[in-house]
Amino acid sequence: MSAHEIENVSRSALIVIDVQESFRQMPYWSESDLPAFKAALLALDDGCRARGVPVVHIFHVGQAGPFTEESGAVHGLDWLPGSPAASFFKHTHNAFSDTGLDLWLRRRGVERLIIAGIRTEQCCETTTRVGSDIGYQVDFVSEATLTFPMTHPVSGRVYSAQEIKAHAELVLAGRFARIASVDDCLASLGAVHA
């Protein structure tokens, strides 16, 4: 591994946001995009772990429904790999407010965040914006994010998950994040060496 690759790996962390059972209990939950999302996230997770990049799990705790601790649904989906380097519970849309994540990252010298999870335009995008604003470099790996169709509150137009992802990429690119595929992201971390 080159010195540049070692530096990229040691200063990076994969932040997996809200890949939790709570979503499966929501009325908008759909499995149509789940296979592609799952494959991308698992490839990203596996590639990061193989390169020594810490994987951090973030879970959302809300005040009602399946996002409350009492619901028993605030835990990873059954296929999400266990044994993260750390887990944090959030009560806001971003993964930083009152969670301890920023302190944990800074104590480890992390300067680059790799963002993946659920939902693309909500907690993933918000965490990306806040992370960028407080000084992190951010890779937004949209193929390793999941979202669902939404209906515009005024026009009534239904926006597809693909349109929402495209919009998130548009507004984040170059201002808050580098938009990266799983392959691009892992390549920038360098090769896996035995």
Side-chain angles (χ1 to χ4, degrees), residues 1-20 33-59 76-88 94-96 99-120 123-125 127-147 161-162 165-166 168-194:
M1 194 178 283
S2 72
H4 178 70
E5 289 172 341
I6 290 168
E7 187 174 303
N8 266 352
V9 167
S10 66
R11 294 181 359 192
S12 300
L14 172 60
I15 312 299
V16 180
I17 300 171
D18 299 352
V19 181
Q20 65 193 72
D33 293 334
L34 186 62
F37 162 67
K38 179 179 174 181
L41 182 59
L42 291 176
L44 185 60
D45 183 284
D46 185 58
C48 283
R49 289 178 193 245
R51 289 164 175 82
V53 172
V55 177
V56 177
H57 288 175
I58 307 294
F59 296 105
L77 290 172
D78 57 10
W79 52 264
L80 183 68
S83 304
S87 293
F88 296 92
N94 79 82
F96 291 102
T99 63
L101 174 63
D102 185 43
L103 180 61
W104 188 91
L105 294 167
R106 294 195 191 277
R107 283 184 171 166
R108 285 152 185 81
V110 171
E111 297 177 359
R112 177 181 175 216
L113 309 179
I114 302 164
I115 302 292
I118 306 174
R119 298 175 60 169
T120 308
C123 296
C124 295
E125 182 176 331
T127 297
T128 296
R129 289 171 180 265
V130 172
S132 174
D133 279 353
I134 62 175
Y136 292 97
Q137 298 169 20
V138 185
D139 277 0
F140 189 81
V141 187
S142 58
E143 70 178 315
T145 69
L146 181 69
T147 196
Q162 292 72 28
K165 280 188 169 191
E169 292 172 349
L170 173 68
V171 298
L172 293 175
R175 292 187 274 178
F176 298 97
R178 175 180 82 124
I179 307 304
S181 68
V182 170
D183 290 342
D184 290 341
C185 184
L186 295 178
S188 71
L189 294 172
V192 176
H193 296 279

Arg129 charged N/C atom sitting above Phe140 aromatic ring, 6.0 Å / 45°: no

State, with a plain yes or no, whether a side-chain heavy atom of Trp79 is found less than 4.5 Å away from one of Leu34. yes

Kindly give the heavy-atom pair with the smallest separation between Ala13 and Val53, and that separation in Å. CA-CG1, 3.8 Å

Parallel, tilted or perpendicular, as decided by the 30° and 60° cut-offs, for the rings of Phe88 and Trp104: perpendicular

Is a side-chain donor or acceptor of Arg49 paired with a backbone partner of Val55 at a separation under 3.5 angstrom? no

Which heavy atom of Ala144 sits nearest a heavy atom of Val182, and at what distance? CB-CG2, 4.5 Å

Report the C-alpha distance between Ile58 and Thr99 in whole Å, list the side-chain angles of each, state the deciding distance to 0.1 Å, and finish with yes or no for side-chain contact (heavy atoms from CB on, under 4.5 Å). CA-CA 9 Å; Ile58 307 294; Thr99 63; 5.9 Å; no

Look up atom CG in Leu172 and atom OG in Ser142, then write down how far apart they are to the nearest 0.5 Å. 9.0 Å

Please determine, by modelled atom types, if Thr120 and Thr145 share a side-chain donor-acceptor pair under 3.5 angstrom. yes

Asp18/Arg119 under salt bridge (charged side-chain N to carboxylate O under 4.0 Å, His left out): CA gap, chis, key distance, verdict: CA-CA 8 Å; Asp18 299 352; Arg119 298 175 60 169; over 6 Å; no

How close do Cys124 and Ile115 get, counting heavy atoms only, and between which atoms? O-CG2, 3.8 Å

Provide the closest heavy-atom pair for Leu186 versus Cys48 in the form atom of the first, atom of the second, distance. CD2-N, 3.8 Å

Report yes if some heavy atom in the side chain of Cys185 is under 4.5 Å from a heavy atom in the side chain of Arg112; otherwise report no. yes

Does any non-hydrogen side-chain atom of Lys165 lie less than 4.5 Å from one of Asp33? no

Residue pair Val141 / Leu44, side-chain heavy-atom distance below 4.5 Å: yes

Provide the closest heavy-atom pair for Ser87 versus Phe59 in the form atom of the first, atom of the second, distance. OG-CE1, 4.3 Å

Rounded to the nearest 0.5 angstrom, the OG1-CD1 distance for Thr128 and Ile17 is 6.5 Å

Give, for atom OG of Ser188 and atom CG of Asp183, the distance between the pair rounded to the nearest 0.5 Å. 11.0 Å

The reported gap from OG1 in Thr127 to CG in Leu101 (rounded to nearest 0.5 angstrom) is 8.0 Å

Measure the spacing between CG of Asn94 and CD of Glu125 and express it to the nearest 0.5 Å. 12.5 Å

State, to 0.1 Å, how close Pro81 and His57 come at their nearest heavy-atom pair, and which atoms those are. O-CE1, 3.1 Å

Side-chain heavy atoms of Leu146 within contact of Leu41, under 4.5 Å: no

Quick one: pull up CG in Leu80 and CG in Asp45 and give me the separation to the nearest 0.5 Å. 7.0 Å

Tell me, do Leu189 and Ser12 make a side-chain contact under 4.5 Å, heavy atoms counted? yes

Checking Tyr136 against Arg11 for the side-chain contact (heavy atoms from CB on, under 4.5 Å) test, could you report, in this order, the C-alpha distance in whole Å, the side-chain angles of both residues, the deciding distance, and whether it holds? CA-CA 10 Å; Tyr136 292 97; Arg11 294 181 359 192; over 6 Å; no

